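What follows is a set of notes on a single structure, which appears directly below.
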Amino acid sequence: MPERIVARLRLEKSGRGGKSVTVIDGLPQNRDFLRGLATELKKACGAGGTAADGAVEIQGDRRETLNTFGGRRANEGYRYGSLGITTRF
């Protein structure tokens, strides 16, 4: 696992039947890490989601919530960046 992970936050609608999905990508290809992070983010957002290849998908437009989540967790290695959430584990 890299010392510093820079994750990007984006909103997708294409190919999802008009529904929005917030995607956090650029994450390590570690299945256990992705599942744990997905669970934590789903709880923080109060929404469903899934862990995919190097990404976590959260149902709905949750960009504001995830940016706030990153700011609250700064003492645990999460860093808010202009491109989204920059994490360090």
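This is a predicted model, so every value here is computed, not measured.
Rounding to the nearest 0.5 angstrom, the gap separating the NZ atom in Lys13 from the NZ atom in Lys19 is 12.0 Å. Distance check, rounded to the nearest 0.5 Å: OG1 of Thr65 to CD1 of Ile58 gives 10.0 Å. In this structure, Asp25 CG and Glu57 CD are separated by 10.0 Å, a value rounded to the nearest 0.5 Å. With rounding to the nearest 0.5 Å, the separation of CG in Leu34 from CG in Leu41 is 10.5 Å.
Sorted by first and then second residue, the pairs that involve residues 59-68 and meet salt bridge (Lys or Arg N to Asp or Glu O under 4.0 Å), not counting sequence neighbours, are Asp61-Arg63.
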Listing, residues 42-55 side-chain donor-acceptor contacts under 3.5 Å, not counting sequence neighbours, or none:
none

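Summarising the geometry of Asp32 relative to Asn30, their closest heavy-atom pair is N-OD1, 3.1 Å, with the distance given to 0.1 Å.
The hydrophobic cluster around Val21 extends to Val23, counting ILVMFWY residues whose side-chain heavy atoms fall within less than 4.5 Å of a member.
No donor-acceptor pair closer than 3.5 Å links the side chain of Thr22 to the backbone N or O of Leu11.
Every residue two or more places apart in sequence or in another chain that forms a side-chain hydrogen bond (donor to acceptor under 3.5 Å, both in side chains) with Glu12 is listed here: Arg10, Arg16. Judged as a side-chain hydrogen bond (donor to acceptor under 3.5 Å, both in side chains), and not counting sequence neighbours, Arg35 has no contacts.
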